[in-house]
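So that the names make sense, note that chain A is the first sequence line, chain B the second, and so on, each numbered from 1.
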2 protein chains.
Amino acid sequence: MSKITINVVAARANVSKKTVSRVLNNEPNVSDKTRKKVTDIAEELGYKPNPLARGLASNQSFILGLLYDNPNTNYINNIQAGALQVCQDKDYHLLIHPCKASSDQLVNNVKELISHSRLDGLVLTPPLSDFPELIDFLLTSKTPFVRIGATENLNCSSAVVSNDEQTSYEMTQYLISLGHTAIGFVKGHPQHNSATERFQGFQRALKTANIKLHEKWLQQGDYTFDSGEHCARQILTMNEKPSAIFCSNDYMAAGVLKVANQLEISVPHQLSVTGFDDAPISRYIWPTISTIQQPVEAMARQATSLLIEKLKIPDGEETTVVLESQLIKRESSAPPFKRISR
Amino acid sequence: MSKITINVVAARANVSKKTVSRVLNNEPNVSDKTRKKVTDIAEELGYKPNPLARGLASNQSFILGLLYDNPNTNYINNIQAGALQVCQDKDYHLLIHPCKASSDQLVNNVKELISHSRLDGLVLTPPLSDFPELIDFLLTSKTPFVRIGATENLNCSSAVVSNDEQTSYEMTQYLISLGHTAIGFVKGHPQHNSATERFQGFQRALKTANIKLHEKWLQQGDYTFDSGEHCARQILTMNEKPSAIFCSNDYMAAGVLKVANQLEISVPHQLSVTGFDDAPISRYIWPTISTIQQPVEAMARQATSLLIEKLKIPDGEETTVVLESQLIKRESSAPPFKRISR
DNA sequence: GTGAAAGCGCTAACAG
DNA sequence: CTGTTAGCGCTTTCAC
């Protein structure tokens, strides 16, 4: 069906190939009249430029790579959806590339990927966004890239980030405003800088409110359900328990909920639990988990747009865009249990 | 860095371009000696053929499309992972394409996608695998495709399927073997043929065991958590309740669990609940859900391999591969509650 | 403003 | 078994 090439459009419009090409690429030096004529005829014929030919001639591939190493399928799915939207819109392809951050072959893998698939640019997601070796390589090889959720070296590339520290601060403030002063915390995966940010926001809120952080209620998780379970078992079997536990993500919060249930600690009556990410599980579990929603899809959209812009203006400025997260109050948080005392 | 084209390889090997090309594509009519020489030199130079040039010349794109419309991010992620593995292995690209099965523009969308992105072939996932209009279009336009989880018209294309009906039968048998005779059922999304298969397996097991299916305990869900909740509320507020509920997927089972909890019906003590799919939530919720695990990733791998083979031998036979699912017993199923009577 | 010629890196079709 | 000659459909260069 589609044997419509640039040649037939040119012939029909009585202009040269090059003029059609100019119109297609929005180049200057075409009279408005010619431009319109070509546009109309292209439209009428349903002409679509062949990306392969285009790429071959201009040494581009119109393929963007999306790199990730993230166990959280929900996060990745949202990222993909956002990136895909922009790609479709701007006639780029998106190559999904899962990889292992822990592998010492990471940089080599990516190098191979770029050269082999002729990628025009890369979108990095956490924790890859803050991987020094990878960043270094991309910088020295002059591969265009943008980073999502990066926290370090923000001026070395464009980036789209959320304000985890601040939202974490607000979540903690919320717990404090409910009356909690004995608050535990389950940290996220040490390789993810979000884990640090979230913890820092928590610390800052405690300091501001003059509340002491009990080391014993501070546990190191790794963003998995199992780690949440494990940490909760540590905290909730102590004699002196906190009245609230702030978990660095929802899976860990779900793990805490499970342990609370097993230990017959009623949530939120005897214990408040909060999460982060607004993962589906936060709505499916009972009680539903108070959490924080990041605009993940919007972040991916922004990042992809930035990347494509950068491809067009290679020496443009590096931008950092901050998108705001949002606190979602659900059933797992409430004022602390008051012992009927005296 | 990579200015190594077929020309430099040819020059270095003292042969023509075409000979190099032949070696690369594993074509016959090259002496072993020449073949080895070329292979070695290509290796040494780290030569990688430019897919764009290759595609342009041979009218292929080496891009496969993965079509889906599925709310289940976990399923899609596994499918993607499997398809990706094979694509990387065989030097294909995978273009992820979410779409709306409900849209009357579906066929047009896909048509546009294929022509615009020059896709070589398509992998279809449920419920798209059984969409007559789409299948018809692909067939008449001679677009190569394979289907995952198709149930209809199995000889019109290669397909990779699982034995949902049989596994559903076995799950039901398992419930019966525990002693359940009053068993409710929550159906899946009517647009997914898996929903029918799962229900049929259930029916067959009941019939085999001579157990009557109570219409009132049969509810129509749509594979979402919310629908599970809704159906459970119907069933569990009746005077006469079943002692087990078989849900067509895990999200709905989780919804049932939530309602049971609210109604203070203890699972599995007073009520057994089973799911389907082995979604993460089946392990994260309490009690953990007895379910069925499909080899989703392996299915995607198979399907992608079949597609690539078909691309090479366009008139080869259409194959149907069946992969076995597996019953996973967890905490949500147990023998029925015996009233301490008389 | 526009066009002609050359070529991106590869494969197809044919010739030897 | 191997090489030659033409392109694939587009962009680039440079001329007009």
Side-chain angles (χ1 to χ4, degrees), chain A residues 1-39 41-42 45-63 91-93 115-118 120 311-312, chain B residues 1-39 41-42 45-63 91-92 115-118 120 311-312 314:
Chain A
M1 53 191 183
S2 63
K3 266 276 159 252
I4 344 161
T5 73
I6 197 173
N7 291 306
V8 345
V9 178
R12 275 284 237 115
N14 258 316
V15 295
S16 74
K17 267 156 82 159
K18 178 62 218 184
T19 301
V20 178
S21 171
R22 274 199 259 265
V23 173
L24 283 167
N25 298 301
N26 268 315
E27 284 171 34
N29 291 336
V30 183
S31 72
D32 283 359
K33 210 178 112 195
T34 315
R35 193 178 292 276
K36 180 161 177 15
K37 189 168 62 178
V38 172
T39 317
I41 291 187
L45 263 43
Y47 166 67
K48 291 278 181 188
N50 181 331
L52 272 62
R54 220 219 271 248
L56 181 58
S58 64
N59 198 30
Q60 288 180 266
S61 66
F62 296 93
I63 300 178
D91 281 337
Y92 272 80
H93 286 332
S115 70
H116 184 221
S117 293
R118 303 295 209 268
D120 286 347
L311 259 26
K312 290 187 176 142
Chain B
M1 52 190 186
S2 62
K3 263 282 163 247
I4 343 161
T5 74
I6 197 173
N7 291 307
V8 343
V9 178
R12 275 283 236 116
N14 259 320
V15 294
S16 74
K17 266 157 82 160
K18 180 63 218 182
T19 301
V20 178
S21 171
R22 275 198 257 268
V23 173
L24 283 168
N25 297 301
N26 269 315
E27 283 171 35
N29 293 336
V30 183
S31 73
D32 283 358
K33 208 178 118 198
T34 316
R35 194 179 291 277
K36 179 158 177 17
K37 189 168 63 178
V38 172
T39 316
I41 292 187
L45 262 43
Y47 166 68
K48 291 277 180 188
N50 181 331
L52 272 60
R54 220 219 273 247
L56 181 58
S58 65
N59 199 28
Q60 290 180 265
S61 66
F62 296 92
I63 301 179
D91 280 337
Y92 272 81
S115 70
H116 183 221
S117 293
R118 304 295 208 269
D120 286 347
L311 259 26
K312 290 188 176 141

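Note: CG (B/Asn59) to P (C/dT11) measures 13 Å, nearest angstrom. A/Asp32 places its CG atom 15 Å from the C1' atom of C/dT2, with the value rounded to the nearest Å. Straight-line distance from the CG atom of B/Leu52 to the P atom of C/dT11: 13 Å, rounded to whole Å. For B/Lys37 and D/dC1, the NZ to P distance is 15 Å, given to the nearest whole Å. Atom CG in A/Asn26 sits roughly 15 Å away from atom P in C/dG1 (whole-Å rounding). At whole-Å resolution of the value, NZ in B/Lys36 and P in D/dC1 are 18 Å apart. One interatomic measurement links the two molecules: CZ of B/Arg35 to P of D/dC1, which rounds to 10 Å at whole-angstrom precision. Computed from coordinates, the B/Asn29 CG to C/dT11 C1' distance equals 15 Å when rounded to whole Å.
Checking the phosphate oxygens (OP1, OP2) of D/dG9, no side-chain nitrogen or oxygen of A/Asn50 falls inside 4.0 Å. For C/dG1, the OP1/OP2 oxygens have no side-chain nitrogen or oxygen of A/Ser31 closer than 4.0 Å. Contact check, B/Thr34 against D/dC1: no side-chain N or O comes under 4.0 Å of OP1 or OP2.
Comparing the helix axis at one end of the helix from C/dG1-D/dC16 to C/dG16-D/dC1 with that at the other, each defined from 5 consecutive pairs, gives an inter-axis angle of 30° (nearest 10°).
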For this session: Check the pair A/Leu56, A/Arg118 against side-chain contact (heavy atoms from CB on, under 4.5 Å), reporting the backbone distance first and the verdict last.
Result: CA-CA 10 Å; A/Leu56 181 58; A/Arg118 303 295 209 268; over 6 Å; no
For this session: List the steps and the verdict of side-chain contact (heavy atoms from CB on, under 4.5 Å) for A/Val30 and A/Lys18.
Result: CA-CA 10 Å; A/Val30 183; A/Lys18 178 62 218 184; over 6 Å; no
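Here A/Ser117 contributes atom OG and A/His93 contributes atom NE2; the two are 12.0 Å apart, rounded to the nearest 0.5 Å. Considering CZ of B/Phe62 and CG of B/Leu52, their distance stands at 11.0 Å, rounded to 0.5 Å.
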Seminar exercise, completed: The contact string for nucleotides 11-16 of chain D, one letter per nucleotide 5' to 3', using protein heavy atoms under 4.0 Å with B, S and - for base, sugar-phosphate only and none, comes out as BBB---
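Just one residue in the list B/Asn7, B/Val9, B/Thr5 forms a side chain to side chain contact (heavy atoms under 4.5 Å, CB included) with B/Lys17, and that residue is B/Asn7. Tested against A/Val15, the residues A/Ile41, A/Val23, A/Thr34 include a single side chain to side chain contact (heavy atoms under 4.5 Å, CB included) partner, A/Thr34.
The side chain of B/Leu56 approaches D/dC8 more closely than any other nucleotide in the set D/dC10, C/dG1, D/dC8. You'll find that the side chain of A/Ser16 is closest to C/dA4, out of C/dC8, D/dT2, C/dA4.
Put simply, the side chain of B/Asn25 never gets that close to the backbone of B/Glu27: no donor and acceptor are under 3.5 Å apart. Within the 3.5 Å criterion, the main-chain N or O of B/Ala13 finds a donor-acceptor partner in the side chain of B/Lys37.
Of all the heavy atoms in A/Gly46 and A/Ile4, the pair that sits closest is O-CD1, 3.8 Å.
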